[in-house]
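Atom set for the values below is all heavy atoms of this structure, side chains included, hydrogens, waters and symmetry mates excluded.
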Amino acid sequence: MKYKMCNKFALVKLVEENKILNNGLTVKETRGKRDIVVGEILSNNFNNEFPAADGYLVWFPLYAANPITVDGKALLIVHQDDIIMTEEA
């Protein structure tokens, strides 16, 4: 099923524990005082000025995301303003 997000939100799936990015960096999920996690955008409604689209990888603080379950999958809803960095997948 295809989902459409509203009001500059994105539906994000967390990447696996260790992920090697296109640029060769290895991303490891870390947990600490200010957890920064990496996810893949599944659906978004960002404005045209924001450098991310469906399929991009995004870095954001875990506390800024709202967990939801869609079709039995654990996903997160993240606002555009909470995304720290993006990478084209």
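Here the CG atom belonging to L42 is positioned 15.0 Å from the OH atom belonging to Y56, to the nearest 0.5 angstrom.
For D54, the side-chain contact (heavy atoms from CB on, under 4.5 Å) test picks out K2, I41, N44, with sequence neighbours left out. Residues meeting the side-chain contact (heavy atoms from CB on, under 4.5 Å) test with E40, sequence neighbours left out: K13, L57.
In plain terms, the two heavy atoms of F60 and A65 that are nearest each other are CE1-CB, 3.8 Å.
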I'd like a table of donor-acceptor pairs (distance under 3.5 Å, sequence neighbours excluded) in which one partner is a side-chain atom from residues 75-85, with atom names and distances.
| residue | atom | partner | partner atom | Å |
| --- | --- | --- | --- | --- |
| H79 | ND1 | D81 | N | 3.0 |

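Using a distance-only test at 3.5 Å, with no hydrogens or angles considered, a donor-acceptor pair links the side chain of T86 to the main chain of P51.
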